[in-house]
Amino acid sequence: MSQQQMQGQPMIVLGEDAQRMKDESAQEHNISAARAVAESVRSTLGPKGMDKMLVTSLGDIVVTNDGVTILEEMDIDNPTAEMIVEVAETQESEAGDGTTTAVSIAGELLKNAEELLEQDIHPTAIIQGFNMAAEKAREELDDIAVEIDSEDTDVLRQIAETSMTGKGAEQHKEHLAQLVVDAAQAVTVEADDGSTIVDLAFLKIETQTGRSAGDSELLNGAVIDKDPVHEDMPSNLTDAKALIVDEALELDEAEADTQVSVTDPNQIQDFLDQEEKQLRGMVDKISEIGADVVFCQKGIDDMVQHYLAKEGILALRRVKRSDMEFLREVLGADIVSDLGTATEEHLGSGDISWDEDEELFYVEGTGDEIHGVTLLLRGSTEHVVDEIERGVQDALDMVGNAAGTGQALPGGGAPEVELARRLNEYSDSVSGREQLAIEAFADALEIIPRVLAENAGLDSIDTLVDLRAAHQDGQERAGLNVFSGDVEDTFESGVVETANVKKQGLSSASEAANLVLKIDDIISAGDLSTAGDDDEGPGGMGGMGGGMGGGMGGMM
């Protein structure tokens, strides 16, 4: 046994390229990396937030101020920073919006935690305090939240407008917000427990370029961006029987190379006649079950197209799988994988119309238990319409959350300032060092109104002082109007958010901060940075310290 082991010291055997960072150095490194990510998206927060232009290695350009889109497109080269990106991804998947808010709070929590660490407060005490504060904040949110009716279109429209404000959809937000509310209500269903759910599976978003966003519209049914496969086919059908098939209406090719020997020219004709008979049989089958229109996911043989046109049957080929599944809901049809087994029971019904100007087919179901709508978004360019789609998607999630939970909150930083006030009062009842962590949590929440003020060109300190004074006077809904710079009841002003987004944001931010704080030792099998071997950071951790700078620098 070695002398080092006899002395009770641990022995760690690492490879030549391995790197290690411990204790305060590890914590400082992790917090710096996480804060760098949070600060990179902070300027996009609020109606006056700025956009980011992200250029991929292939030269593709994305212009957006959507937090999760920015973080997903970033070339982040640090494992700790990627943990903060996961905050945004979780927020987006669970709540649909509020990603920038969640990431900003996570970064501020870590900043305040670093100050506590410098005061020799153990990370475990900070984590415990953060957990207590997050749980208390979620409870208080229920008390702050305003109960709303899921059918209150005015409030739902305000929620949609608030979500789209500051994004590419803002210029036409009134029109788009009304479309969002109408779409959400069109796909609202009743759950088994009697509650209402906005089932976005019955809602499809399509985009078109070349026109203004004000020309966007909500269509009852589906939109298929395909032309008829044959010019002689009908283009407008009423109460048509629709067949949805995901197999090719073509002859199968032999998997292996084959040769056919013929001794008589008539044999060639027989061979061709046999092929034609098989193709004709497909059309006869379609006609036999009574189909008036065929939506095919794969190819359709020219001969089949000809016979379908002669039978007066409309056919569309190469229809996207997502469109096929949506058509199934709109038309009430089954997707058929084997044409030979198709029956009349597999057919759906609907009205089909062709828009020659837009070169689109509109498909509207006519069954009793069928519902599905399409939001057709338009924009002048591809970049514009992409940003509009992101804004509308967030608004749909917000309206769905509000309608499902029946809770809303005033915006403009009002919930954060009120929660900070209540958490500071709560901290007085907590003994031990956790009290300081709760106060740090409360202070971190105020990053939201501070950043809103900064992005609007206002004095963040004066704004925060005014907000705190209003909330101390009992004005729970007092928030910042970034356009006028005044502190006012933002709920009455129409700046409305959803409670579920705030709850999820608090959970995601606190859990991510705690995860980072719990790490006190980083061991790398090699340089974690892909920026190059020449990046040398402090303590031999160039791969992690330099990696963040290189990755973020190349990204922003």
Side-chain angles (χ1 to χ4, degrees), residues 26-45 49-58 60-111 113-114 130 134 167 386-387 390 393-394 397 444 447-448 451 501-519 522 524 527-531 535 537 541 543-556:
Q27 290 166 344
E28 180 181 350
H29 160 75
N30 284 334
I31 291 173
S32 298
R35 287 180 59 192
V37 176
E39 290 170 2
S40 68
V41 297
R42 193 173 289 176
S43 63
T44 67
L45 185 65
M50 303 298 287
D51 291 351
K52 303 286 186 184
M53 176 182 285
L54 306 170
V55 184
T56 68
S57 57
L58 298 177
D60 296 331
I61 299 174
V62 177
V63 180
T64 182
N65 69 357
D66 183 62
V68 70
T69 303
I70 294 170
L71 293 175
E72 287 177 344
E73 294 290 340
M74 280 180 174
D75 182 19
I76 291 179
D77 191 21
N78 182 281
T80 310
E82 290 176 357
M83 292 163 58
I84 301 302
V85 176
E86 290 178 0
V87 173
E89 294 174 344
T90 301
Q91 180 73 14
E92 181 74 12
S93 62
E94 295 298 325
D97 199 5
T99 53
T100 305
T101 297
V103 170
S104 297
I105 292 176
E108 195 68 9
L109 284 173
L110 289 170
K111 173 189 173 184
E114 188 172 30
F130 281 0
K167 300 179 181 179
D386 285 346
E387 183 67 352
R390 283 188 283 267
Q393 186 63 64
D394 288 346
D397 290 331
I447 186 63
I448 302 305
V451 172
V501 171
K502 296 295 183 185
K503 290 179 182 178
Q504 181 61 45
L506 290 173
S507 298
S508 300
S510 61
E511 289 171 5
N514 289 343
L515 185 61
V516 172
L517 289 173
K518 204 168 180 64
I519 299 171
I522 304 172
S524 166
D527 191 346
L528 294 183
S529 170
T530 57
D535 292 336
M541 291 297 290
M544 300 188 70
M548 189 63 198
M552 294 289 289
M555 161 199 70
M556 293 303 296

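Because only heavy atoms are used, hydrogens play no part in the values below, and waters and symmetry mates are left out as well, while side chains stay in.
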* To do: Enter the distance from Ile448:CD1 to Thr101:OG1 here, rounded to the nearest 0.5 Å.
  => 4.5 Å
* Asked: So, for Ser507 and Ser510, which heavy atoms are closest and what is the spacing to 0.1 Å?
  -> O-OG, 3.2 Å
* Structure fact -> Here the pair of heavy atoms bringing Ala509 nearest to Ala102 is CB-O, 3.5 Å
* Can you name the closest pair of heavy atoms from Ala513 and Leu109 and give their distance? -> CB-CB, 4.0 Å
* What distance do Asp386 atom CG and Ile61 atom CD1 have between them, rounded to the nearest 0.5 Å? -> 12.0 Å
* How far apart are the C-alpha atoms of Asp97 and Asp397, what are their side-chain angles, what is the distance that settles it, and do they pass the side-chain contact (heavy atoms from CB on, under 4.5 Å) test? -> CA-CA 7 Å; Asp97 199 5; Asp397 290 331; 5.8 Å; no
* Taking C-beta and beyond as the side chain, do Arg35 and Ile84 meet within less than 4.5 Å on heavy atoms? -> no
* To do: Indicate whether any N or O donor in one side chain lies under 3.5 Å from an N or O acceptor in the other, for Gln504 and Ser508.
  => yes
* Does the side chain of Leu517 come within less than 4.5 Å of Ile31's, by heavy atoms? -> yes
* To do: Taking all heavy atoms of Ala81 and all of Val37, pick out the closest pair and write down the distance.
  => CB-CG2, 3.3 Å
* To do: Find out whether Arg42 and Ile447 are in side-chain contact, i.e. whether some heavy atom of one side chain is under 4.5 Å from a heavy atom of the other.
  => yes
* Mind checking the CG-CD spacing from Asp66 to Glu73? Nearest 0.5 Å is all I need. => 10.5 Å
* Asked: Do Thr100 and Val41 come within less than 4.5 Å of each other through their side chains, counting heavy atoms only?
  -> yes
* With the side chain counted from C-beta on, respond yes when Lys503 and Leu506 share a heavy-atom pair under 4.5 Å apart, and no when they do not. => no
* Asked: Any side-chain donor-acceptor pair under 3.5 Å between Thr64 and Glu387?
  -> yes
* pair Val516-Leu110: side-chain heavy atoms closer than 4.5 Å -> yes
* Answer yes if the side chains of Lys52 and Ser43 hold a donor-acceptor pair under 3.5 Å, and no otherwise. => yes
* Asked: Please walk me through it: do Thr99 and Leu71 pass side-chain contact (heavy atoms from CB on, under 4.5 Å)?
  -> CA-CA 10 Å; Thr99 53; Leu71 293 175; over 6 Å; no
* Structure fact -> Output for pair (Glu92 CD, Arg390 CZ), nearest 0.5 Å, gives 10.5 Å
